Engineer: 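My questions will all concern the structure given below.
Model, not experiment: these values are computed from the prediction. Within every chain, numbering begins at 1; the chains are lettered A, B, ... in the order of the sequence lines, protein sequences first and strands thereafter.
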There are 2 protein chains.
Amino acid sequence: MRDTGNFRALCHRHRLAATHQRQVIYETVLSLPGHPNPEEIYGQVRQRIPSISLATVYKNIRTFLASGLLREVSLHHGSLRLENDQRPHHHLVCVSCRAITDLQEDGVEPVRLRQRLPRGFRVKRIAVDILGICAACSSKGARAKRV
Amino acid sequence: MRDTGNFRALCHRHRLAATHQRQVIYETVLSLPGHPNPEEIYGQVRQRIPSISLATVYKNIRTFLASGLLREVSLHHGSLRLENDQRPHHHLVCVSCRAITDLQEDGVEPVRLRQRLPRGFRVKRIAVDILGICAACSSKGARAKRV
DNA sequence: CTAGATGCAAACAGTTTGCGTCACT
DNA sequence: AGTGACGCAAACTGTTTGCATCTAG
């Protein structure tokens with residue numbers, strides 16, 4: 001067994017049972033390049049725990065997200081949603097209830113890049129998401145761990 | 001029949017047949033508050049065209065997105081994807097192939113708000129998506145209409 | 001010892017597709 | 001008149017759930 005220490009401590013801090021499955025899933029997410037999805041994680045984890053089930057992978061990803069051990073790329077990954085305001089604008093997003101509110105484009109200073117982008121990338125638009133807790137969720141006691 | 005003119009011209013410009021279904025779907029998206037999903041649009045459209053099928057709504061939403069008549073809230077609405085880099089960072093997103101590349105947080109000047117946010121909204125983090133066409137798609141001739 | 005985690009299978013939600021018919025251009 | 005849009009049903013993908021069994025604390 002490897003340096004299980006870190007992960008066990010991490011779980012303990014978040015009041016999660018430190019199971020072997022969890023450790024492997026967690027390590028796998030950190031080790032995979034890019035932005036892996038559950039299926040990819042499952043495929044990779046299965047090389048170390050062939051008997052693991054996809055449901056366990058899903059359940060633990062949810063657990064990790066809920067306790068802030070992992071983060072997802074976007075809070076909007078559910079069903080397709082359309083803009084009804086066709087003018088460019090930004091979004092205010094509640095990380096608890098995921099409500100999306102529009103924020104007119106000039107409510108945010110134009111975003112400035114400090115860094116060269118990868119060669120050949122042609123910028124079309126810059127979208128800003130302001131993530132936080134909305135008033136309604138705030139009063140219900142919602143707290144964001146890490147978003 | 002109402003001022004069909006605008007919509008017919010719009011369709012003509014985009015080389016789309018101007019059907020009654022399309023017009024009602026389009027008008028419905030613009031008229032619904034917030035960020036409607038296909039199911040909500042379907043429910044609303046059915047009040048004007050009871051015989052319409054959900055498949056038609058989906059097909060036409062896709063058509064509108066492809067020709068830039070409508071825009072979606074987020075390009076990341078597919079399956080759940082996890083961050084493997086746990087440090088805060090931004091994203092470079094190709095609007096054609098939807099590839100996501102990380103951009104370290106200090107590659108972007110800190111975002112500054114010019115406007116008061118809704119009362120009680122507590123900001124946790126600001127996420128920036130730089131939308132554009134990546135080099136690979138660019139060389140394949142991909143063009144973004146409106147993103 | 002017990003609450004909670006796992007694995008399996010079945011259920012579900014959202015979306016897409018194939019195909020025969022119908023309508024816009 | 002012909003290409004493409006519509007409507008229906010069936011297929012598919014990604015995800016969740018119920019339940020019996022097992023395991024970490």
Engineer: Between A:Gln21 and C:dG7, is there a contact of a side-chain N or O with OP1 or OP2 at under 4.0 Å?
Structural biologist: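 Answer yes for this pair, as a side-chain N or O of A:Gln21 is under 4.0 Å from OP1 or OP2.
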Engineer: OP1 or OP2 of D:dG25 sitting under 4.0 Å from any side-chain N/O of A:Arg8?
Structural biologist: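 Answer yes for this pair, as a side-chain N or O of A:Arg8 is under 4.0 Å from OP1 or OP2.
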Engineer: Need one value for B:Asn60: base, sugar-phosphate or nothing, where a base atom within 4.0 Å counts as base even if backbone is also close, heavy atoms only.
Structural biologist: sugar-phosphate
Engineer: Counting side-chain heavy atoms from CB outward, which of C:dT25, D:dC8, C:dT15 is closest to B:Ala55?
Structural biologist: D:dC8
Engineer: A:Ile49 has an atom CD1; how far is it from atom P of C:dA5, in whole Å?
Structural biologist: 15 Å
Engineer: Scan A:Thr56 against the nucleic acid and name what it touches under 4.0 Å (heavy atoms): base, sugar-phosphate only, or nothing.
Structural biologist: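 Contact class for A:Thr56: base.
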Engineer: Which one, D:dA5, C:dG18, C:dA5, comes nearest to the side chain of B:Arg22?
Structural biologist: D:dA5
Engineer: Roughly, in whole Å, what's the span from CZ in A:Arg62 to P in D:dG14?
Structural biologist: 14 Å
Engineer: Without decimals, in angstroms, what is the distance between A:Phe7 CZ and D:dG25 P?
Structural biologist: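 Atom CZ in A:Phe7 sits about 10 Å away from atom P in D:dG25.
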Engineer: Quick one: on DNA chain C, does A:Ala17 or B:Leu54 contact a more 5' nucleotide (nearest heavy atom)?
Structural biologist: A:Ala17
Engineer: More 5' along DNA chain D: B:Leu80 or B:Thr63, using each one's nearest nucleotide?
Structural biologist: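 Looking at DNA chain D, the more 5' nearest nucleotide goes with B:Thr63.
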Engineer: Please state how far atom OH in A:Tyr58 lies from atom C1' in C:dC8, giving the value in whole angstrom units.
Structural biologist: 16 Å
Engineer: Looking only at the side chain of A:Pro38 (C-beta and beyond, no hydrogens), which of the listed nucleotides C:dT16, C:dG7, D:dT15 gets closest?
Structural biologist: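 Selected nucleotide (nearest to the side chain): D:dT15.
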Engineer: Report yes if at least one side-chain N or O of B:Ser51 is closer than 4.0 Å to OP1 or OP2 of D:dG7; otherwise report no.
Structural biologist: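 Yes, within the criterion.
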Engineer: By nearest nucleotide on DNA chain C, pick out whichever of B:Glu39 and A:Lys59 is the more 5' one.
Structural biologist: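 Its nearest nucleotide lies further toward 5', so the answer is A:Lys59.
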Engineer: Between C:dT25 atom P and B:His14 atom NE2, what is the distance in whole Å?
Structural biologist: 15 Å
Engineer: Could you check whether B:Asp102 and A:His35, counting side-chain N and O atoms only, form a donor-acceptor pair closer than 3.5 Å?
Structural biologist: yes
Engineer: Do A:Gln23 and A:Arg8 come close enough that some side-chain heavy atom pair is under 4.5 Å?
Structural biologist: no
Engineer: OP1 or OP2 of D:dG14 less than 4.0 angstrom from a side-chain nitrogen or oxygen of B:Ser79, does that happen here?
Structural biologist: no
Engineer: Regarding A:Glu83 and A:His91, is there a side-chain donor-to-acceptor distance under 3.5 Å anywhere?
Structural biologist: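 Yes - a donor-acceptor pair under 3.5 Å links their side chains.
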Engineer: Measure from CD1 on B:Ile25 to P on D:dA5 and round the result to the nearest Å.
Structural biologist: 12 Å
Engineer: Just checking, is any N or O donor in the side chain of A:Gln104 or A:Asp106 under 3.5 Å from an acceptor N or O on the other one?
Structural biologist: yes
Engineer: Can you figure out which of D:dT15, C:dA5, D:dG25 approaches the side chain of A:Thr19 most closely?
Structural biologist: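 Shortest atom-to-atom distance from the side chain points to C:dA5.
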Engineer: Is NZ or CZ of A:Arg46 both nearer than 6.0 Å to the six-membered ring centre of A:Tyr42 and within 45° of the ring axis?
Structural biologist: yes
Engineer: Within the 3.5 Å criterion, strictly below it, is a donor on A:Arg22 or A:Asn60 matched to an acceptor on the partner's side chain?
Structural biologist: yes
Engineer: From CD1 of A:Ile52 over to P of C:dA5, roughly how many Å is that when rounded to an integer?
Structural biologist: 14 Å
Engineer: Rounded to whole angstrom units, what separation is found between the CD atom of A:Gln23 and the P atom of C:dT6?
Structural biologist: 12 Å
